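Treat the numbers as computed from the prediction; the structure is a model and nothing was measured. Atom set for the values below is all heavy atoms of this structure, side chains included, hydrogens, waters and symmetry mates excluded.
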Amino acid sequence: QVQLVESGGGLVQAGGSLRLSCRASVRTFSSYTLGWFRQAPGKEREFVATINSLGSSTKYADSVKGRFTISRDDAKNTMYLQMNSLKPQDTAVYYCAAVRSYFTTNSPSVYDYWGQGTQVTVSS
């Protein structure tokens with residue numbers, strides 16, 4: 001069983017930055033592809049970014065490309081999402097997810113493990 005715990009959310013003004021963290025309680029963290037998803041009120045959960053188990057491949061949603069950066073530190077069992085140039089439309093609960101795989105994937109149905117989420121609110 002993999003437990004994921006997000007942190008780093010909060011309230012920030014438009015144009016500001018936040019860094020989200022997702023710490024995993026698993027001994028084989030380096031075997032997992034990881035992803036970030038978000039869900040705004042009244043909307044479906046949507047893909048944000050993913051990084052493969054080797055850390056060699058990343059993918060981003062078009063809406064965050066060039067502003068967000070996903071990374072991982074396997075020594076710390078932690079994944080990060082650096083969010084810059086934040087916009088009010090980035091406001092959502094952000095979830096991290098994991099699946100034992102070599103490949104990146106933007107489909108939430110593929111992921112086996114999910115965190116509880118962390119709220120990000122961007123004010124205009």
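Counting heavy atoms from C-beta on, the side chains of Arg100 and Val2 never come closer than 4.5 Å. Looking at heavy atoms from C-beta onward, Phe29 lies out of side-chain contact with Lys76 at the 4.5 angstrom threshold. Residues Tyr111 and Leu4 have side chains not in contact (no heavy-atom distance under 4.5 Å, counting atoms from C-beta outward).
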Quiz item: So Leu86 and Gln13, side chain to side chain contact (heavy atoms under 4.5 Å, CB included) or not? Walk me through it.
Solution: CA-CA 8 Å; Leu86 282 161; Gln13 288 189 332; over 6 Å; no
Exercise. Apply side chain to side chain contact (heavy atoms under 4.5 Å, CB included) to the pair Trp36 and Cys96, showing each step before the final yes or no.
Key: CA-CA 5 Å; Trp36 286 100; Cys96 64; 3.9 Å; yes
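Once rounded to the nearest 0.5 Å, the distance linking CD of Gln119 with OG1 of Thr91 reads 7.0 Å. The distance from atom OG of Ser31 to atom CG of Leu54, rounded to the nearest 0.5 Å, is 9.5 Å. Here the OG-CZ distance, from Ser53 to Phe103, works out to 8.5 Å after rounding to the nearest 0.5 Å.
In terms of modelled atom types and a separation under 3.5 Å, the side chain of Glu6 and the main chain of Gly117 share a donor-acceptor contact. In this structure, the side chain of Arg67 engages the main chain of Ser85 through a donor-acceptor pair within 3.5 Å. Side-chain atoms of Asn77 come within 3.5 Å of backbone atoms of Val26 as a donor-acceptor pair (strictly under, hydrogens ignored). A donor-acceptor contact shorter than 3.5 Å links the side chain of Tyr60 to the backbone of Ile70.
Closest approach of Ala92 and Arg38 over heavy atoms only: CB-CB, 3.8 Å. The shortest heavy-atom contact between Val120 and Met83 is CG2-CE, 3.9 Å. Looking at every heavy atom in both residues, Met79 comes nearest to Ile51 through SD-CG2, 4.3 Å. The two residues Leu34 and Ala98 make their nearest non-hydrogen contact at CD2-CB, 3.7 Å. Contact between Asn106 and Pro108 at its shortest, heavy atoms only, is O-CD, 3.5 Å. Across all their heavy atoms, Thr33 and Ser101 have their closest contact at OG1-O, 3.1 Å.
Using a 30° and 60° split on the angle between ring planes, Phe68 and Tyr94 fall in the tilted class, from 30° to 60°. Between Tyr95 and Trp114, the ring-plane angle classifies as perpendicular under the 30° and 60° cut-offs.
Under the 3.5 Å distance criterion, with hydrogens and angles disregarded, no donor-acceptor pair is assigned to the side chains of Arg23 and Ser7. Of the N and O atoms on the side chains of Asn52 and Thr104, not one donor lies less than 3.5 Å from an acceptor on the other residue. Side-chain contact, Ser107 with Thr105: no donor N or O sits under 3.5 Å from an acceptor N or O.
Using a 4.0 Å cut-off between charged side-chain N and carboxylate O, Lys65 and Asp62 make a salt bridge.
Other residues, nucleotides and ligands contribute over 12 non-hydrogen atoms within 6.0 Å of the CD atom of Glu46. For CD of Gln116, the number of neighbouring non-hydrogen atoms (other residues, nucleotides, ligands) closer than 6.0 Å is 12 at most.
Using a 4.5 Å cut-off between side-chain heavy atoms of Ile, Leu, Val, Met, Phe, Trp and Tyr, with links allowed through other members, Leu18 and Leu11 fall into different hydrophobic clusters. Residues Phe47 and Leu81 do not share a hydrophobic cluster, clusters being chains of Ile/Leu/Val/Met/Phe/Trp/Tyr side chains in contact below 4.5 Å. Hydrophobic clustering, with ILVMFWY side chains joined whenever heavy atoms are under 4.5 angstrom apart, keeps Val5 apart from Leu20. Side-chain heavy atoms closer than 4.5 Å link hydrophobic residues (I, L, V, M, F, W, Y) into clusters, and following such links, possibly through other members, connects Phe37 to Val93.
The side-chain tip of Arg19 points at the ring of Tyr80 from less than 6.0 angstrom away and within 45° of straight on.
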